[in-house]
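Notes to accompany the following structure.
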Amino acid sequence: YHERDKIQFYYEGHDDFGIQSIDLLFSKNKKLTAKRIKTIRRQETIIKDGFVWNLSEMPLNPGDKIEYYLEIKDNDSVNGPNTGQSEIYSFSIFDSRKELDNLISMQDQLTDEMINLLADTLIEHRIILSGKLVDPTEIKKSVEISSDRLINIIQTAQKIYDQAKPIQIFSQKYLIFYKNIETELTG
């Protein structure tokens, strides 16, 4: 998510004693905070509702990790209120610097894979053309290895394209380049 996103969720609960309140509990970098999202004033034993959590209401920084869940309290006046909770969900705030560093690393990996495949292919073809490699099994094995490496190159280019596309500051020329690698090599 981004710092300005909104998360919409729906909840439902039921209790024989009646429902007292619904709280959103969230942990930002391991610090737990509670936010009351609904207080029930009258005796309700069943509730179905929704809530929109506006992330811009809290100070968030790129890379922050958030865990959250809903907690419901009942009206048990004999033993005190009991609580129940939803599953715990989590997300991280988008960190463009980290994403760009990751993309640069993948681009370096792709460049290395392409150069190594080209060099190895030139050497193999020179051996095949010189007549030193005539065994069809060895030629087939060489082609299979090259094909597997080419599939890796296509997958890396596709991964770069998919991860870079939503980043507005990533060069459109590079996006087209990676898309072309993917389409031309698979086409």
Side-chain angles (χ1 to χ4, degrees), residues 1-111 152 154-179 181-182:
Y1 289 101
H2 291 86
E3 299 95 337
R4 304 268 178 248
D5 283 347
K6 295 177 182 178
I7 300 174
Q8 182 163 4
F9 45 92
Y10 299 94
Y11 57 87
E12 61 181 78
H14 57 87
D15 187 85
D16 295 342
F17 293 102
I19 299 165
Q20 181 185 89
S21 62
I22 315 284
D23 293 320
L24 169 65
L25 284 92
F26 57 93
S27 169
K28 176 182 146 190
N29 301 327
K30 307 290 183 187
K31 183 183 175 213
L32 188 64
T33 305
K35 174 181 174 120
R36 175 72 35 101
I37 61 173
K38 187 152 193 156
T39 301
I40 290 81
R41 304 260 185 251
R42 56 191 187 286
Q43 183 74 13
E44 287 187 43
T45 57
I46 298 174
I47 188 166
K48 290 183 182 182
D49 206 348
F51 178 73
V52 176
W53 185 15
N54 188 348
L55 297 180
S56 66
E57 294 173 354
M58 55 192 281
L60 294 171
N61 297 308
D64 281 348
K65 294 180 183 0
I66 310 294
E67 290 186 338
Y68 67 98
Y69 59 94
L70 291 179
E71 185 175 83
I72 188 170
K73 290 184 183 154
D74 72 8
N75 284 321
D76 187 349
S77 56
V78 177
N79 298 316
N82 296 304
T83 60
Q85 77 176 48
S86 69
E87 287 183 53
I88 297 174
Y89 299 96
S90 64
F91 62 89
S92 294
I93 297 299
F94 181 75
D95 185 344
S96 61
R97 170 56 73 204
K98 183 178 172 186
E99 288 299 315
L100 287 173
D101 288 347
N102 185 38
L103 285 169
I104 290 169
S105 174
M106 286 193 306
Q107 289 174 17
D108 291 344
Q109 174 190 346
L110 178 65
T111 302
N152 265 353
I154 294 167
Q155 288 172 338
T156 303
Q158 185 176 27
K159 191 183 223 182
I160 292 170
Y161 177 80
D162 291 342
Q163 289 184 13
K165 192 173 181 180
I167 301 175
Q168 286 104 10
I169 61 174
F170 197 82
S171 168
Q172 287 300 314
K173 291 178 183 177
Y174 280 118
L175 277 176
I176 293 167
F177 172 71
Y178 293 117
K179 189 65 177 172
I181 289 175
E182 175 192 350

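With sequence neighbours excluded, the residues that form a ring-ring contact (aromatic ring centres under 6.0 Å, His included) with Phe51 are Phe9. Residues forming a side chain to side chain contact (heavy atoms under 4.5 Å, CB included) with Ile160 (at least two apart in sequence, or on another chain): Leu103, Met106, Gln107, Leu110, Thr156, Tyr178. With sequence neighbours left out, the side-chain hydrogen bond (donor to acceptor under 3.5 Å, both in side chains) criterion links Gln85 to no other residue. The ring-ring contact (aromatic ring centres under 6.0 Å, His included) check on Tyr89 picks up Tyr68, with sequence neighbours excluded. Checked against side-chain hydrogen bond (donor to acceptor under 3.5 Å, both in side chains), Gln20 has no partners two or more places apart in sequence or in another chain. Scanning for ring-ring contact (aromatic ring centres under 6.0 Å, His included) contacts around Phe26 gives Trp53, with sequence neighbours left out. Among residues two or more places apart in sequence or in another chain, the salt bridge (charged side-chain N to carboxylate O under 4.0 Å, His left out) test is passed with Lys98 by none. Among residues two or more places apart in sequence or in another chain, the side chain to side chain contact (heavy atoms under 4.5 Å, CB included) test is passed with Gln8 by Tyr10, Val52. Not counting sequence neighbours, Asp76 has no partner by the salt bridge (charged side-chain N to carboxylate O under 4.0 Å, His left out) test. For Gln109, the side-chain hydrogen bond (donor to acceptor under 3.5 Å, both in side chains) partners at least two apart in sequence or on another chain are Glu113. Evaluation of the salt bridge (charged side-chain N to carboxylate O under 4.0 Å, His left out) rule for Lys38 yields Asp49 as partners, not counting sequence neighbours.
A salt bridge links Arg42 and Glu44; the closest N-O separation between the charged side-chain nitrogens and carboxylate oxygens is under 4.0 Å. Under a 4.0 Å N-O distance rule, the pair Glu57/Lys35 qualifies as a salt bridge.
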Check the pair Thr45, Asp15 against side chain to side chain contact (heavy atoms under 4.5 Å, CB included), reporting the backbone distance first and the verdict last. CA-CA 5 Å; Thr45 57; Asp15 187 85; 6.0 Å; no

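Note that CG of Leu25 is 9.0 Å distant from OG of Ser86, once rounded to the nearest 0.5 Å. Interatomic distance, CD1 of Ile40 versus CG of Asp74, reported as 11.0 Å (0.5 Å rounding). Of the inter-residue distances, the one linking Asp64 atom CG with Lys28 atom NZ reads 5.0 Å to the nearest 0.5 angstrom.
The salt bridge (charged side-chain N to carboxylate O under 4.0 Å, His left out) contacts involving residues 170-179 comprise Lys179-Glu182, where partners must be two or more places apart or lie in separate chains.
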